[in-house]
Amino acid sequence: MARAAAAYYAGRDPFGRGGDFTTAPEISQAFGECLGLWAAVTWQMMGAPAPVRLVELGPGRGTLMADALRAVAEVMPAFRAAAEVHLVETSPALRAAQAARLPGAAWHERVEVVPAGPAIVIANEFFDALPIRQFIRREDGWRERFVAAGGFVEQAVEETPALPDTAPEGAVFEVSEAGLAIAHQLGGRLREQGGAALVLDYGPGEPGFGDSLQAMAGHGRADPLAEPGSVDITAHVPFPALAAAAREAGAATHGPLPMGLFLQRLGLMSRAAILARSNLRQAGLILSGAERLVAPEGMGRLFKALCLCHPGLAIPPGFEPA
Ligand code: SAH
């Protein structure tokens, strides 16, 4: 799966109407703008360190970061001046798209090689693209499911990650070792060097079972095993486990919160209303795009926002307890 996912992104730009799926920054510019302001306020709470690494994991077309930078240049130029943009991206096709929008950024293959120092990290729909391992409960214990010869095969496993004893037969349990390793690494970095990370993605707020492996092609569901590398394969992000991995490394965590609530607290709908007033011809589209991000029946409930940060940092915007 890892290879299939990497191969998928390496060869194409999958976003938007002609592509296989769309993401929040491609739906509304207010998304990136609000996250830029989130980063700016968080930077002030950190004591306004200069320079600060402004890091994005899996930036796609670079839309979120471009919208964020435009907004902060206007509202908080001191943060724009202090921010050094670092992008973690493996796909050559998407790096080229990002370079066109983000001149002056630096690119990295992995999170670990982003230069040391205080950092603000944003990851939208990054963790869902990382490989997972799937286990299924059978009568005689846990078996791991693999993709082989175009289908699933199951194999008894001697050593599994911690899996719940109470799982009923047939239960599927997913472990995102790659995602957990990155959350742990980020947690350690933020504890040592300061800063905060904002993770936005879809997945349950509570731990649980379930086969979430899914594939998207042409905006519809596709068979995840058809033509590896040609469809987008993702899995739900296990937010409680990611948060626990970061805490284990010494970071504090806030959330996960439903993304709609988080974005509303950041003022996304007010920003969209301003954009709509200044572009009356597109007003309907602008407002319905923003609505889709916050509405529970849109992306507002299934998507979550999670913050990992230095334990001494005050609660970042949007994560205040209700
Ligand atoms: N954040 C963007 C794109 C999400 S798609 C948006 O919201 O529109 C996932 C992104 O993660 C793509 O840019 C993809 O190329 C990148 N990616 C996937 N696996 C990766 C990995 N292991 N390391 C770095 N980037 C990866």
Side-chain angles (χ1 to χ4, degrees), residues 1-36 38-39 54-69 85-102 105-114 121-132 176-183 185-186 197-203 214-217 219 228-237 242 259 262-263 268 289 292-293 299 302-306:
M1 248 179 287
R3 231 170 297 137
Y8 172 78
Y9 285 109
R12 54 169 64 67
D13 174 346
F15 307 101
R17 293 201 187 158
D20 289 325
F21 59 93
T22 190
T23 55
E26 305 298 333
I27 293 170
S28 171
Q29 73 178 73
F31 183 74
E33 291 170 347
C34 286
L35 298 190
W38 180 89
L54 180 56
V55 184
E56 189 177 354
L57 312 183
R61 285 177 167 172
T63 308
L64 188 167
M65 185 61 84
D67 291 339
L69 293 177
V85 177
H86 292 271
L87 306 175
V88 177
E89 176 60 67
T90 45
S91 158
L94 290 176
R95 277 191 186 200
Q98 293 154 18
R101 292 184 178 184
L102 302 165
W107 279 266
H108 307 280
E109 283 285 312
R110 284 171 298 112
V111 188
E112 302 91 281
V113 296
V114 174
V121 182
I122 297 178
N124 185 59
E125 292 212 45
F126 167 74
F127 282 90
D128 71 69
L130 299 175
I132 55 160
S176 170
E177 285 170 342
L180 295 176
I182 292 174
Q185 202 271 331
L186 276 177
L198 178 62
V199 178
L200 297 147
D201 224 309
Y202 55 100
Q214 55 178 274
M216 297 289 280
H219 289 274
S230 74
V231 296
D232 175 50
I233 299 181
T234 67
H236 286 188
V237 169
L242 290 187
M259 184 172 85
F262 174 70
L263 292 177
L268 182 107
R292 184 173 163 193
L293 301 187
M299 296 162 74
L302 177 59
F303 279 70
K304 305 290 186 304
L306 171 70

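Quick note: numbers below take in every heavy atom, side chains included, and nothing from hydrogens, waters or symmetry partners. Numbering of ligands and ligand atoms starts at 1, following listing order.
Taking a cut-off of under 4.0 Å to the non-hydrogen atoms of L94, the atoms of ligand 1 that pass are 12 (C), 13 (O), 15 (O). In summary, the atoms of ligand 1 found under 4.0 Å from a heavy atom of S91, numbered by their order in the structure, are 15 (O). Those atoms of ligand 1 that come under 4.0 Å of a heavy atom in E125, given as number and element, are 4 (C), 5 (S), 9 (C). Using a 4.0 Å cut-off to heavy atoms of G60, the atoms of ligand 1 that qualify are 2 (C), 3 (C), 13 (O).
Of all the heavy atoms of T23, the ones lying under 4.0 Å from any atom of ligand 1 belong exclusively to the side chain. When non-hydrogen atoms are compared, ligand 1 lies under 4.0 Å from the side chain of P25 (C-beta onward) but not from its backbone. Heavy atoms from both the backbone and the side chain of N124 come within less than 4.0 Å of ligand 1. With a 4.0 Å heavy-atom cut-off, ligand 1 is reached by the side chain of L130 but not by its N, CA, C or O.
Counting all heavy atoms, side chain and backbone alike, E89 lies closest to P59 at OE1-CD, 3.3 Å.
One distance of note links CD of Q29 with OG1 of T63; it measures 11.0 Å at 0.5 Å rounding. A distance of 9.5 Å separates CD of Q185 from CZ of R110, quoted to the nearest 0.5 Å. To the nearest 0.5 angstrom, F262 atom CZ is 4.5 Å from L198 atom CG. The distance from the CE atom of M65 to the CD atom of Q98 is 9.5 Å, given to the nearest 0.5 Å.
Residues R292 and T22 meet the side-chain proximity criterion, which asks for heavy atoms closer than 4.5 Å.
Scored by the ring pair (Phe, Tyr, Trp, His ring centres under 6.0 Å) test, F31 finds no partners at all (sequence neighbours excluded). Take E177 and apply the side chain to side chain donor-acceptor pair (under 3.5 Å) test, not counting sequence neighbours, and it matches R133.
Annotation: G58 places an N or O atom under 3.5 Å from an N or O atom of ligand 1; distance criterion only. Between E89 and ligand 1, at least one N/O pair is under 3.5 Å apart.
The shell of residues lying under 4.0 angstrom from ligand 1, judged by heavy atoms, excludes L64.
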